[in-house]
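Below is one structure; the comments refer to it alone.
Counting starts at 1 for both ligands and their atoms, following the listed order. Heavy atoms only: backbone and side chains are in, while hydrogens, waters and symmetry mates are out. The structure presented is a predicted model; accordingly, all values stated were derived computationally and were not measured.
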Amino acid sequence: MIQQLKLQLPSPIQEIHDSLYSEKGIRVFVKRDDLIHPMITGNKWRKLKKYIEIFENSGKKGILSFGGAYSNHLMALASIGKELRIPTIGIIRGEELTPNSNLQLNWMQNAGMILKFISREEYRNKKIPSDIPLNEFLVIPEGGFSAFGVESIKALADEINKENFDYIIAAVGTGTTLIGLSKYLKNNILGILSLKNLKEIKANEWQMNQANSIQFFEEYSPRAYGKKEVELEKFCVEFSTKTKIPVERIYTGKMFYALNDLILKEYFPKGSRILAIHTGGIYPTEPSSEMANNF
Ligand SMILES: *Cc1c(COP(=O)(O)O)cnc(C)c1O
């Protein structure tokens, strides 16, 4: 079933260049998981794969999951549902929303996903509306955070020759991707937080009890208004122009911004080889420049 999806796997690794890198004596490589599929991008595919395999053998009728109004996770799930003809349900945070509230929700609905809008309170309790025949649906937790999500990252880790890199850096939402990487690779793992959720991430990390510990950077996470926000925006445009690698400013743009900042501060010793994971989140037509923080 999965073979029916046209996925570019393994995703390529490419080196990127900047006078700053040569000045500091380091080399930077990018794992292009954004190229896996136009809609099922990056770590969203990585985290969902295991669930699709489970679904295939489950005898269930469809798949249900949770997300915010801009959820990359639900976009990926809706797309998989469309291509593999699997009925999908998205439980969306915010009862005031409709399928026409933004382009992402509209896109999910057009892909055939049934959208259910619930209040923030209900969402916190992961309350599933009573008209859904729950036993017929495989339920995926928000953002794919679970032991299965972590296990799914093994496929990504297997595509990385760990001898080649001293550091691996990636953006963090729920932390599933990073926890998976640190479980399956012994490199130094760096995580750039998108949200101010270090406590939750630490709890998740602890819950998964992975072997290797992760270095988290929280200082890039608060939505920096004013100068910082403008600086980040400017950095993203310059980065994409220079490298021809598209980024958005919530996850991957921020991660590359942080990487640049760490290089400037000489965090990495001379001679270091760094692999940055491009976790995706780039769509053929950017649905909205106001991609809210979401998993
Ligand atoms: C969801 C997402 C992340 C965060 O992944 P986690 O495994 O939840 O930490 C990072 N980058 C992009 C582009 C994402 O869509």
Group every Ile, Leu, Val, Met, Phe, Trp and Tyr by side-chain heavy-atom contacts under 4.5 Å, then state whether L35 and I282 land in the same group.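 No, L35 and I282 fall in different hydrophobic clusters.
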Could you tell me whether some N/O pair between N72 and ligand 1 is separated by less than 3.5 angstrom?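 Between N72 and ligand 1, an N or O pair is found under 3.5 Å apart.
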Under 4.0 Å from a heavy atom of [X]: give me the atoms of ligand 1 that qualify, with their elements.
X: G173; result: 4 (C), 5 (O), 6 (P), 8 (O), 9 (O)
X: K47; result: 5 (O), 6 (P), 7 (O), 8 (O)
X: V172; result: 9 (O)
X: T177; result: 5 (O), 6 (P), 7 (O)
X: G281; result: 13 (C)

Side chains of Y51 and S146: do they bring a donor and an acceptor to under 3.5 Å?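 Distance-only check passes for Y51 and S146.
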Looking only at heavy atoms of G175, does any of them come nearer than 4.0 Å to an atom of ligand 1?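 So G175 counts as touching ligand 1.
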Is H73 near ligand 1, meaning one of its heavy atoms is under 4.0 Å from it?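 Distance cut 4.0 Å: H73 fails for ligand 1.
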Less than 4.0 Å between a side-chain N and a carboxylate O, is that true for E238 and K242?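 Result for this pair is no, no salt bridge flagged.
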Please work out, at 4.0 Å between heavy atoms, whether the side chain, the backbone, both, or neither of T279 comes within that distance of ligand 1.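 Within the 4.0 Å criterion, T279 contacts ligand 1 through backbone and side-chain atoms alike.
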Tell me the contacting part of N43 for ligand 1: side chain, backbone, both, or neither, using a 4.0 Å heavy-atom threshold, strictly below.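 N43 to ligand 1: side-chain contact only, backbone stays beyond 4.0 Å.
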Would you call K127 and I91 a side-chain contact if the rule is heavy atoms closer than 4.5 Å?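 In short, these two side chains do not touch, never coming nearer than 4.5 Å.
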Is it true that, when you exclude K60 itself, more than 12 heavy atoms of the residues, nucleotides or ligands shown sit nearer than 6.0 Å to its NZ?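 Yes, the 6.0 Å shell around NZ holds more than 12 heavy atoms from other groups.
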Rounded to the nearest 0.5 Å, what separation is found between the CG atom of L178 and the CD1 atom of I153?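 Reported to 0.5 Å precision, the distance equals 9.0 Å.
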Got a second to check how far D34's CG is from I277's CD1, nearest 0.5 Å?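 With rounding to 0.5 Å, CG (D34) is 11.0 Å from CD1 (I277).
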